[in-house]
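One structure is given below, encoded as structure tokens.
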Amino acid sequence: MKKYAYTILAFLLCWSTACKKLDTLPPSIISDQDVFSSSAGVTAYMARMYAELPIEDFRYSPERGLNMFWIISPTSATTGEALSRDQNGSMQENTGLSTWSDCYRTIRDANYFSENIAKYAGNFTPDQVNQWLGEARFIRAATYFALVKRYGGVPLVDKVLSYPAQSVEELKIPRTSEEKIYDFIGTDLDYAYANLPEKSQAGRANKYVAAGFKSRAMLFAGSVAKYNQISLVDGSGNRLCGIPATKAVAYFKAAYDAAALLEGKYDLYKKAWSATDKEAQYQNYVNLFFDATSGENIFVRQYHYPESVHGYDAYNVPRQLMGANGYSSEVNPTLNYVELFDGFPKNADGTIKTTTGGKYDLYTNTMDLFANAEPRLRATVVLPGDLMKGVSIEIRRGIYTGPTAGGISPLLPAGSTAHYPTANIVESANAAQTPYTLPNGKTMNPAGLSGYFTGDGTNSVSGFSIRKYIVPDKPTSLVLENRSDQTWIELRYAEVLLNRAEAAAELNALGQGDKNYLQDAFTQVNAIRERAGATLLTGTADVSIDVVRKERKKELGFENKQYWDMRRWRVADKEQNSTVYRTLMPFFSANDNKYFFDARLDERNSRYTFDPRWYYEQISQNEIQKSQNLIQNPGY
Amino acid sequence: MKKLFYSIALSALVAAGSSCKKTDNYAAPDVTLKGTVTDAGTGKSLQTEQGSGTRIKLLEISWSANPTPFYISSYQDGTYQNTKLFAGKNVISAEGAFVPLVQVDASGKTIVDKSQTVDVKDVTTVNFSVEPFLRIEWIGDPVLNADGTITTKFKVTRGTANPDFQQNVSDVAVFINSNNYVGNNNYDNRYTPKLSGDAANATIGATTTLTTLGGALPGKRSYFIRVGAKMQYGLNYYNYTDVKEVKIP
């Protein structure tokens, strides 16, 4: 019995010790105090917000959304820049994605920071606090821009919402007008510009990042004001979709002025450039995407193996450089994209010239056709037979074994999407090839090492492969998913110059004469062209809105920008209307021992049609169920 | 003791199991709503394309004053039908390539409201009479030429006198396809002739003749032809003629 008494006593003693401290914070939960009272804590908070920032980088595709490693449906294969075996048409962003709610989470993080950092201001210098407030505003503005460019006017939340202090009804905030959202973005970026320092750590905003983003957002707003036809007005007179055309001039001026703020602060990357050497111009343009010290990088997102990675190389290398995961050649530039450039034979209508007098032109090597190609083209696209990682990228559709006396006539009628006739053509279904014996006794595989394979499609389906952003010296053993960590350049000075040139060309077209806008557009476009090694414009008479747009397509191709450009110009439904894109198929003629090229429509017959509804994307039904005050965009 | 424990456990299980048996005894939807959207000028049904064309908008106000809209897509001949609806009171309107039945001005005030409030039950028919943006009429049947191409004659006119809905015509096309679901969403662009910009706008009021592109059409099959035209308004929906078949020997 005594034993029991002791046990009970010991047990009760345990209770008494527990009485000591009840009013204590749970040690497993990080509180505001822990985060906001030290600069390390604030840096960690910032890192999270920058990581959430909705930018379309290496981890984005319209099919799978933001920050997703698997990018086998590449953005560029929805715009006509490229073809891909896994993306065969135009699309709006997948409506099952959580882009909307993710963006509002980031906006809440930014608002929360802005409202709470003041309580801890005593721990920091005023400069530090101002910089952070500027960054929070920049992040909020960039996030609202991600929303407005997709959906038009969205609910404007500029402070932290709290439940249950506010009722559910109060929290069902209706959408506001598209114009108000753009003005809000402009105001936030002006605040950021005024409060941020001149220089910042890579990956974080400084005042010029804010100005650069402002030029981008205002140009978008100006384009919508000028070109949009869609209108949606709510019961209180807020225009949720569309901006009055009269506002176009003000937005284009805001874009122009913001872009001009960066003049002299950044420059076009020309470290390896030489005015007289095309090879140097090419190498310089390749290097531009990998030099951490480049004066052209304005805002970047850094990656680092193993904690923050992507798989750009693994998905996009040419087939013959394929890594162990078995992915390759997801991005294959179209002939339409290649034909934007100069430096190879062309027909009167601007298409590539591969025949003379109805017979194919013959070349000893596939690269002979592109011997004088613009250096920027070579640095963006792997042309058939060009070098990558020290090997020649071999792209060949098949071997032509037919008679060649008097030349070879086109294999298919113009405009055909049919397969090639099998008579007189040897081809391969996949990479396991049976060599063909040529008349001279040598053997040759019917298809190149990087395709074209008629069966499995794991090859260059357009006759080209992508070079931009592919790490030039990455060993094949490291070409794996989640093993790439090159930096994504979200905003570079070339885009700012193009924003400026476009705003200037638009202002000139709208009859604005307070500056010599045409001359300015001419200067910026020529700066881009000179660095690219392209033919320069000869005078201001050559400048038009179309010329600036074309330059933009060439310079910013495959950087996930054209997806939005086609939308804001409202040209996507014209460009993509049952459109089949073009490819260039090199053949080897066995009897000539030479190559010829067939320019044709995509053999897979992928048709691209852009639905005009997609200019304003569908708001996810989940969001409307959460807040019934949200009005769906027109047509859905 | 053990027996008691088991019997309690068993009865608890049975109780838990029986509560799972829930039959959804609400009657399955069996109400039919159907009708036609007709051109007020001609009295014929208004041709459209499925997906990006006419659709019927239902707002069920039996339960809520601010319901989420429910849509029924119309067939390409302008009729619509849904046989799996619940009975209820609905505000019904139509959307498409015609003067909107519900119009809102810049201040958000509803200035025109031609929607119909209908008790939908059993088999309900709701028709709409609308003014199309553009009215396209055939001038004769499409002709198969000696060279294997097809020539089509048609006339585009305004379907409404309201100047707010008389924007420039941006595109006119004679859509060709090898099946009868033909329109801007489904056509063969190797053969389909198109006009755009000023050339498209010039078709208003005049008889227009267009011939298929790409040389002779492949033989021993039928082609289906339909003329479409659209103007720069809203979502740029097309107005259409009906579909005509041309047999190529």
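Looking only at heavy-atom pairs under 4.5 Å with chain A, the residue among B:Leu235, B:Asp188, B:Val104 that has the most is B:Leu235. Heavy-atom pairs under 4.5 Å with chain B were tallied for A:Pro612, A:Cys241, A:Ser578; the largest tally goes to A:Ser578.
In this structure, B:Asp198 places its CG atom where only 12 or fewer heavy-atom neighbours from other residues, nucleotides or ligands lie under 6.0 Å away. The environment of A:Lys172 atom NZ is dense: over 12 non-hydrogen atoms of other residues, nucleotides or ligands sit within 6.0 angstrom. When the shell of 6.0 Å around NZ of B:Lys109 is examined, it contains 12 or fewer heavy atoms from other residues, nucleotides or ligands.
Both the backbone and the side chain of B:Asn189 come within contact range of chain A, with heavy atoms under 4.5 Å apart. With a threshold of 4.5 angstrom between heavy atoms, A:Ser236 approaches chain B through N, CA, C or O but not through any side-chain atom. When heavy atoms are compared at a cutoff of 4.5 Å, B:Tyr187 approaches chain A by way of both its backbone and its side chain. With a 4.5 Å cut-off on non-hydrogen atoms, A:Asp573 touches chain B through its side chain but not through its backbone. Only the side chain of B:Lys194 comes within contact range of chain A, judged by heavy atoms closer than 4.5 Å.
Checked by atom type and distance alone, the side chain of A:Arg613 never pairs as donor or acceptor with a backbone atom of B:Ser52 at under 3.5 Å. Listed for the B:Arg55 side chain is a donor-acceptor partner under 3.5 Å among the backbone atoms of A:Gly635.
Closest approach of A:Gln229 and B:Gln232 over heavy atoms only: OE1-O, 3.3 Å. A pairwise comparison of heavy atoms in B:Ser196 and A:Lys574 identifies CB-NZ, 4.4 Å as the closest pair. In plain terms, the two heavy atoms of A:Gln628 and B:Asn66 that are nearest each other are O-ND2, 3.9 Å. When every heavy atom of A:Tyr636 is checked against every heavy atom of B:Tyr71, the shortest pair comes out as O-CE1, 3.2 Å.
The one candidate from B:Thr192, B:Asp171, B:Asn184 that meets the side-chain hydrogen bond (donor to acceptor under 3.5 Å, both in side chains) condition with A:Asn577 is B:Asn184.
Side chain to side chain, B:Asn236 and A:Tyr615 fail the donor-acceptor criterion of an N or O pair below 3.5 Å. The closest side-chain donor-acceptor pair between A:Thr609 and B:Asn185, if any, does not fall under 3.5 angstrom.
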Report the C-alpha separation of B:Thr68 and A:Gln621 in whole Å, then their side-chain angles, then the decisive distance to 0.1 Å, and conclude whether the side-chain contact (heavy atoms from CB on, under 4.5 Å) test is met. CA-CA 10 Å; B:Thr68 305; A:Gln621 212 58 43; 3.8 Å; yes
Steps toward side-chain contact (heavy atoms from CB on, under 4.5 Å) verdict (A:Arg607, B:Asn186): CA-CA 10 Å; A:Arg607 279 177 192 271; B:Asn186 193 24; over 6 Å; no
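Remark: A:Arg239 CZ to B:Ser107 OG distance equals 13.5 Å, nearest 0.5 Å. Rounded to the nearest 0.5 Å, atoms OG (A:Ser231) and OH (B:Tyr233) are 7.0 Å apart.
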